[in-house]
Amino acid sequence: MLCVRNEKGGQLAVECMKKGDVCVLPTDTVYGFSGIVGGTLDCAQKIRHLKGRKEEKPFIRLISEVKDIFSFTSAKIPSRVLDLWPCALTLIVKTPSQENPLCETAFRCPDDDWLREVIRGVGFPIYSTSANKSGEPILFSAAEIAKIFPQVPLIVDGGEKKNEKPSTIVRVLENSEIQIIRQGAIVV
């Protein structure tokens, strides 16, 4: 199903993800496969299957509020970086657990009020990864995505994304320094 990006499209996206389904949403960068992170509705495997992506390659998690990152990490994020949010900047931070004390997770607080409202409606962070087959070019329109992924139950049309750049990816190091992993839309 293809729908437009508006209040109704946002509500349909929330309902889709709350059922445990994957949908395609326009973001502040490109179109992305999106689904709930965690719990019984975790969509990582469904997204990997759609993309043909390997198990060991993680997904970015979108959050609705800047402060939400501190629910997942105690990392000391430099204010010169954190103060840029919300924007097309992905932060990789330590998210240690008993099972994996070295675990890292990528988070982004997108610069898109509509998308942040959808995330709030879901009540959990959501995965986001470009809506394309792994290793293939990025798709820039909802119509292109619908042709290649007819099995996706909902694609929200946010217009052409051809001139959009992917997010800049930065790793936050233990000494509060940063390492630029990918230079994208935001210059740090």
Side-chain angles (χ1 to χ4, degrees), residues 1-39 41-44 46-47 50-51 53 58-73 77 81-93 105-132 138-146 149 152-170 182 184-186 188:
M1 174 197 328
L2 197 61
C3 75
V4 295
R5 179 182 146 142
N6 57 22
E7 188 176 310
K8 182 180 176 192
Q11 187 56 39
L12 288 171
V14 168
E15 291 168 11
C16 178
M17 288 186 279
K18 280 187 167 184
K19 289 190 305 187
D21 287 331
V22 172
C23 58
V24 173
L25 302 178
T27 74
D28 54 339
T29 56
V30 296
Y31 281 94
F33 287 120
S34 296
I36 287 181
V37 173
L41 298 177
D42 192 280
C43 290
K46 290 179 182 179
I47 295 171
L50 283 166
K51 282 189 72 80
R53 190 168 179 169
F59 300 120
I60 294 170
R61 298 169 185 213
L62 299 182
I63 54 178
S64 62
E65 305 293 333
V66 173
K67 66 180 172 46
D68 291 350
I69 193 165
F70 297 109
S71 297
F72 305 99
T73 186
I77 303 168
V81 175
L82 192 62
D83 290 349
L84 295 171
W85 269 4
C87 69
L89 173 65
T90 298
L91 301 179
I92 299 173
V93 294
T105 305
F107 292 93
R108 187 166 93 236
C109 185
D111 186 17
D112 184 303
D113 293 335
W114 178 88
L115 181 56
R116 287 199 320 273
E117 189 60 36
V118 168
I119 299 165
R120 276 191 282 288
V122 170
F124 298 95
I126 63 173
Y127 291 115
S128 184
T129 182
S130 58
N132 61 317
I138 291 174
L139 302 171
F140 298 107
S141 76
E144 286 179 306
I145 295 164
F149 298 102
V152 174
L154 177 67
I155 299 171
V156 177
D157 191 341
E160 189 80 17
K161 294 281 194 176
K162 199 166 214 107
N163 295 322
E164 300 295 331
K165 290 183 178 181
S167 66
T168 297
I169 300 176
V170 171
R182 176 180 75 195
I186 300 296
V188 179

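In this structure, L139 and A131 approach most closely via the heavy-atom pair CD1-O, 3.3 Å. Residues T27 and G32 approach most closely at CG2-N, 4.4 Å, considering heavy atoms. Residues K18 and L41 come closest through the heavy atom pair O-CD1, 3.2 Å.
Between N132 and Y31, the side chains place no donor N or O within less than 3.5 Å of an acceptor N or O (distance only, hydrogens not considered). At a cut-off of 3.5 Å, with distance as the only test, a side-chain donor of T129 or R53 sits close to an acceptor on the other residue.
Using a 4.5 Å cut-off on side-chain heavy atoms (C-beta onward), R108 and T29 make contact. Taking the side chain as every heavy atom from C-beta outward, V156 and V118 never approach each other to under 4.5 Å. Inter-residue side-chain proximity for I77 and W85 is flagged as unmet; no heavy-atom pair is nearer than 4.5 Å. Contact of the P110 side chain with the I119 side chain is registered, since non-hydrogen atoms from C-beta on lie closer than 4.5 Å. Residues L82 and F70 are in side-chain contact: their nearest non-hydrogen atoms beyond the backbone lie under 4.5 Å apart.
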Next item on the list: Begin from the C-alpha positions of T90 and S167 and carry the test side chain to side chain donor-acceptor pair (under 3.5 Å) through to its verdict.
Entry: CA-CA 6 Å; T90 298; S167 66; 2.8 Å; yes

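Residue L62 holds its CG atom at 10.5 Å from CZ of F107, rounded to the nearest 0.5 Å. Distance CZ/F33 to CD1/I145: 7.5 Å, rounded to 0.5 Å. Taking CG from L12 and CE from M17, the interatomic distance works out to 10.5 Å, rounded to the nearest 0.5 Å.
Enclosure of atom CZ in F149 by more than 12 non-hydrogen atoms of other residues, nucleotides or ligands within 6.0 angstrom is indicated.
Applying the salt bridge (Lys or Arg N to Asp or Glu O under 4.0 Å) definition to pairs two or more places apart or across chains, those involving residues 59-72 are E65-R120.
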